[in-house]
Chemist: 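Structure in C-alpha cells, see below.
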Amino acid sequence: MEINWFILSVVFIGAIVLIVILIKQNWKDEKKIEKELNYFKNPDEVELNDEKEMQ
C-alpha cells in the first residue's frame, strides 16, 4: 500500500493552521477575561482625607 503524500500533506498543513487559529483565539480570550477581572469602577465620591494627603 502506497502512501498518498498529497493528502497527508494537506491534512498536516490543515492541522497546523487549526492549531495556530486556536492559539490566537485563546490569547484574545485570555486578554478579554483578564481585562474584565481587573476592572475596578472608580467611585464618584472623594473622601476628605484623600484631598489632604495629595497636597
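On a predicted model such as this, the values are computed, not experimentally measured, just so you know.
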Chemist: To the nearest 0.5 Å, how far apart are CG in N4 and CD in E2?
Modeler: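 Those atoms lie 8.0 Å apart.
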Chemist: Only counting residues at least two apart or in another chain, list the ones meeting side-chain hydrogen bond (donor to acceptor under 3.5 Å, both in side chains) with Q25.
Modeler: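 Q25 satisfies side-chain hydrogen bond (donor to acceptor under 3.5 Å, both in side chains) with D29 only.
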Chemist: Going by atom type alone, with no hydrogens or angles, which donor-acceptor pairs under 3.5 Å involve a side-chain atom of residues 10-18 and a protein atom two or more places apart or on another chain?
Modeler:
none

Chemist: Run the side chain to side chain contact (heavy atoms under 4.5 Å, CB included) test against L8 and tell me which residues pass, sequence neighbours left out.
Modeler: I3, W5
Chemist: For residues 13-23, which residue pairs pass the side chain to side chain donor-acceptor pair (under 3.5 Å) check, not counting sequence neighbours?
Modeler: none
